[in-house]
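Worksheet: one structure, shown below.
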Amino acid sequence: MAMTIAAWNVNSILARLPTALEVLKAVNADVVCLQELKCEDGRFPRLEVEDLGYHVETHGQKTYNGVAILSRFRLSDVTRGLPGDEEDSQSRYIEAVVEAPGAPVRVASLYAPNGNPISTDKFQYKLRWMERLTAHARGLLRLEEPFALAGDYNIIPRDGDADDPKSWEGDALYSPEAKAAYRRLRNLGLEDAFMQADGRDGQYTFWDYQAGAWRRNHGIRIDHIFLSPQALDRLSSVTIHKEARAMDKPSDHVPIIARLETAS
DNA sequence: ATGGTCGCGTAGCGA
């Protein structure tokens with residue numbers, strides 16, 4: 001048996017609905033972490049997604065942000081919002097336990113702040129948010145359970161994760177502080193599933209709508225699936241569903257999918 | 001090229 005966990009920034013589930021349903025069918029993951037729903041929970045197209053065989057838990061808001069977990073297995077212990085700041089009203093984090101029979105896995109869908117421009121408090125919010133995520137991950141690690149933190153981290157970890165690294169100089173996604181936040185998560189004992197299973201340069205999950213970025217393959221790898229040691233033990237492969245970027249009315253991100261083997 | 005293109009919501013911001 002195996003379980004596949006996908007992360008995909010859909011860039012508005014309502015503007016994307018026909019395309020999104022087609023992508024979800026093609027990817028056919030057991031668990032899907034969605035980001036940038038850009039709608040309140042009551043407007044999420046729950047019936048259409050349930051028709052694909054998913055249980056649905058959302059944490060949306062009007063206009064911006066919004067995250068969801070879709071799962072073929074029952075979801076329990078659902079928590080909404082990233083702990084560590086009661087004042088933070090942005091919907092960027094949802095966590096639940098995927099109740100796969102005999103092999104439960106805790107999964108979070110997260111949408112880390114973009115952080116641009118660097119000179120503003122948006123950048124400070126990005127760094128504080130990543131500190132809160134790190135603190136929360138440290139607590140989860142103490143449970144010694146398999147878990148995955150999947151989503152749009154808005155961080156380009158290495159030069160090999162950008163087609164043209166120089167063009168990202170001065171951008172929050174490529175800043176030394178953002179890369180340090182990524183390293184801190186790994187130093188806790190979490191691993192970036194892509195780096196463990198693949199690790200090649202030039203494998204991207206985002207191409208801007210502007211300036212023919214997709215046509216020129218001017219992409220970056222910013223969508224990541226971090227795994228706890230107990231989940232990493234089960235990792236067999238990671239794939240990036242590039243086909244989604246070539247569709248009509250595409251999101252600017254494509255799904256990344258980790259496959260975990262479960263005991264037979 | 002200090003641009004370009006989307007989505008939201010119907011101006012201008014966020015990405």
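Protein chains get the first letters and strands the later ones, always in sequence-line order, with residue 1 at the start of each. Please read these numbers as outputs of a predicted model, since none were measured by experiment.
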query = P atom, B:dG9 versus B:dA15: distance in rounded Å?
reply = 14 Å
inquiry  = Checking A:P250 now: which residues fulfil side-chain contact (heavy atoms from CB on, under 4.5 Å) with it, not counting sequence neighbours?
reply    = A:R245
inquiry  = Does B:dG7 have its OP1 or OP2 closer than 4.0 Å to a side-chain nitrogen or oxygen of A:R16?
reply    = yes
task = Indicate the atoms forming the closest heavy-atom contact of A:E145 with A:Q230, along with that distance.
result = O-OE1, 3.3 Å
message = Roughly how many Å apart are B:dA11 and B:dA1, using the P atom of each and rounding to a whole number?
response = 34 Å
task = Give me the other members of the hydrophobic cluster that A:Y54 sits in, counting Ile, Leu, Val, Met, Phe, Trp and Tyr linked by side-chain heavy atoms under 4.5 Å, directly or via other members.
result = A:W8, A:V10, A:I13, A:L14, A:L17, A:L21, A:V23, A:L24, A:V27, A:V32, A:L34, A:L37, A:F44, A:V49, A:L52, A:V56, A:L70, A:M247, A:I257
task = List in chain and number order the residues that pass ring pair (Phe, Tyr, Trp, His ring centres under 6.0 Å) with A:Y153, two or more places apart in sequence or in another chain; answer none if no residue qualifies.
result = A:H224, A:F226
note = Between CG of A:D248 and C1' of B:dC6 the distance, given in whole Å, is 15 Å
query = Nucleotide by nucleotide, 5' to 3', does protein get under 4.0 Å of the base (B), only the sugar-phosphate (S), or neither (-) in nucleotides 8-15 of chain B, counting heavy atoms?
reply = SS----SB
task = Output every pair passing ring-ring contact (aromatic ring centres under 6.0 Å, His included) with a member in residues 190-213 of chain A, not counting sequence neighbours, ordered by first then second residue.
result = A:F206-A:H253, A:W207-A:W214
inquiry  = Need to verify one output field. Residue with the more 5' nearest nucleotide on DNA chain B, A:P250 or A:A211?
reply    = A:A211
task = For A:W214 and B:dC6, give me the distance from atom CH2 to atom P, rounded to whole Å.
result = 15 Å
task = If a pair satisfies ring-ring contact (aromatic ring centres under 6.0 Å, His included) and one of its residues is in residues 82-102 of chain A, list it, with sequence neighbours excluded.
result = A:Y93-A:H136
